[in-house]
Participant: 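Quick one: the structure is below, and I'll ask about it shortly.
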Amino acid sequence: MKYRRRTVSVRFFVLVVFAGHKSFYATFGTAGFIQISNKPLKVIKCGGTGSDSLNPDMPKTGHARFETGSINSVSIAGLNAGIDWVLAHDIYTREKELTEYLIDKLGQVDKVHVYLPEAKDRIFGLVSISVDGYLAGDVGSILDEEYEICVRTGYHCSPYIHDFLGSIIHGGTVRISMSAFTTREEINSLVDALATL
């Protein structure tokens, strides 16, 4: 039996999107994307680019195609400096050590429930918890007002995961975020504050 080879044209579309303030220590409002595809992106909003102001259309190539007006050069410089700093330091090891230390300390507080994936799937630097008898927002307010500790509370733009976790009864979770600058003393202060609830 003879087979005929067919050539199929495959078009794929992948974007890797990042917020500069999340892991690169840049300012809020700085973000970017990396396009990994052979399909061009459509421009849906047009405006002057500053380089060809009489042209009502966006350039066909380059970053100016996706950013109207003057570029946010101050934020871009901050993002660049943040990336340089991250590349020069072993952030992964530092955040892994801090995360494991925090998880161990939280395990010593009876009312605290830690939501964790399997160790192999764990993301370091973030730990979500709930506290028996408290809504997540109340825990956040107490930590802020009484201990000057800042955490993020609620549903974290991911409503469906809270059905899975069963954390809706707590008004979501309390998310503890750490960075390369977090200290063990700060973690101890947080755990001591949670132990008073």
Side-chain angles (χ1 to χ4, degrees), residues 12-45 47 49-51 58-59 61-103 105-106 114-129 136 140 143-144 148-162 172-191:
F12 62 93
F13 186 78
V14 177
L15 283 179
V16 177
V17 182
F18 64 90
H21 72 276
K22 295 281 186 181
S23 298
F24 296 120
Y25 302 99
T27 58
F28 288 108
T30 304
F33 68 89
I34 301 166
Q35 181 181 352
I36 308 168
S37 75
N38 60 358
K39 181 178 178 182
L41 293 174
K42 284 184 183 177
V43 173
I44 58 171
K45 193 172 185 180
T49 62
S51 60
M58 299 303 285
T61 60
H63 68 84
R65 178 169 174 74
F66 307 108
E67 189 167 6
T68 60
S70 300
I71 63 171
N72 187 354
S73 55
V74 173
S75 290
I76 292 169
L79 176 60
N80 188 54
I83 291 170
D84 286 346
W85 189 88
V86 166
L87 291 174
H89 295 81
D90 186 4
I91 304 300
Y92 177 82
T93 300
R94 173 81 176 146
E95 290 184 357
K96 182 177 186 287
E97 289 170 357
L98 290 171
T99 303
E100 290 171 348
Y101 182 75
L102 173 63
I103 292 167
K105 296 293 280 184
L106 289 171
V114 182
Y115 299 96
L116 291 172
E118 296 292 327
K120 65 181 178 61
D121 298 323
R122 199 162 294 157
I123 295 173
F124 299 109
L126 295 174
V127 176
S128 289
I129 66 168
L143 291 175
D144 176 40
E148 297 183 349
I149 296 172
C150 184
V151 292
R152 173 115 191 263
T153 64
Y155 299 108
H156 314 294
C157 308
S158 301
Y160 297 121
I161 191 65
H162 297 279
T173 61
V174 176
R175 188 176 72 198
I176 303 162
S177 302
M178 292 165 288
S179 77
F181 302 105
T182 302
T183 65
R184 288 186 177 224
E185 290 74 26
E186 289 171 327
I187 291 172
N188 292 340
S189 295
L190 167 67
V191 173

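The basis for the numbers below is simple: all heavy atoms, side chains too, and nothing from hydrogens, waters or symmetry mates. No experiment lies behind these values; they were computed from the predicted model shown.
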Participant: So do Ile161 and His156 actually touch side chain to side chain, heavy atoms under 4.5 Å?
Facilitator: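 SC-SC contact between His156 and Ile161 ruled out.
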
Participant: Find the distance between NE2 (His89) and CG (Asp84) and round it off to the nearest 0.5 Å.
Facilitator: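 Reported value, rounded in 0.5 Å steps: 11.0 Å.
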
Participant: State, with a plain yes or no, whether a side-chain heavy atom of Ile103 is found less than 4.5 Å away from one of Arg122.
Facilitator: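 In short, these two side chains touch, coming nearer than 4.5 Å.
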
Participant: Sequence neighbours excluded, which residues qualify as salt bridge (charged side-chain N to carboxylate O under 4.0 Å, His left out) partners of Glu97?
Facilitator: none

Participant: What pair of heavy atoms forms the shortest contact from Phe181 to Glu186, and how long is it?
Facilitator: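 Distance-wise, the nearest heavy atoms are O-OE1, 4.0 Å.
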
Participant: Is it the case that more than 12 heavy atoms not belonging to Ile123 sit under 6.0 Å from its CD1 atom?
Facilitator: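 No, not enclosed.
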
Participant: Hey, what do you get for CG (Leu126) to OH (Tyr115), rounding to the nearest 0.5 Å?
Facilitator: 16.0 Å

Participant: If you compare all heavy atoms of His21 against all heavy atoms of Thr27, which two are closest, and at what distance to 0.1 Å?
Facilitator: CB-O, 3.9 Å

Participant: Nearest heavy-atom pair of Ala136 and Thr153: which atoms, and what distance?
Facilitator: O-CG2, 3.2 Å

Participant: For Thr182, which of Thr99, Leu190, Leu98 qualifies under side chain to side chain contact (heavy atoms under 4.5 Å, CB included)?
Facilitator: Leu98

Participant: Starting at NZ of Lys22, measure out to OG of Ser177 and round the result to the nearest 0.5 Å.
Facilitator: 7.5 Å

Participant: Can you list the residues that meet the side chain to side chain donor-acceptor pair (under 3.5 Å) rule with Tyr155, with sequence neighbours excluded?
Facilitator: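 Residues passing side chain to side chain donor-acceptor pair (under 3.5 Å) with Tyr155: none at all.
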
Participant: So Thr30 and Ile76, do their side chains get closer than 4.5 Å, heavy atoms only?
Facilitator: no

Participant: Please report the closest heavy-atom contact between Phe33 and Phe18, naming both atoms and the distance.
Facilitator: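 Scanning both residues completely, I find the closest heavy atoms to be N-CE2, 4.0 Å.
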
Participant: Would you call Ile176 and Leu106 a side-chain contact if the rule is heavy atoms closer than 4.5 Å?
Facilitator: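 Counting from C-beta outward, Ile176 and Leu106 do come under 4.5 Å.
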
Participant: Checking side-chain contact (heavy atoms from CB on, under 4.5 Å) for the pair Thr183/Asn188: CA distance, chi angles, key distance, verdict?
Facilitator: CA-CA 9 Å; Thr183 65; Asn188 292 340; over 6 Å; no

Participant: If you look at every heavy atom in Val86 and Ser23, which pair is closest and at what distance?
Facilitator: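 Heavy atoms only, the tightest pair is CG2-O, 3.6 Å.
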
Participant: Compare every heavy atom of Ala180 with every heavy atom of Ile91, then report the nearest pair and how far apart it is.
Facilitator: CD1-CB, 3.7 Å

Participant: Got a sec, which residues hit side chain to side chain donor-acceptor pair (under 3.5 Å) with Lys96, two or more places apart in sequence or on another chain?
Facilitator: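 Glu100.
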
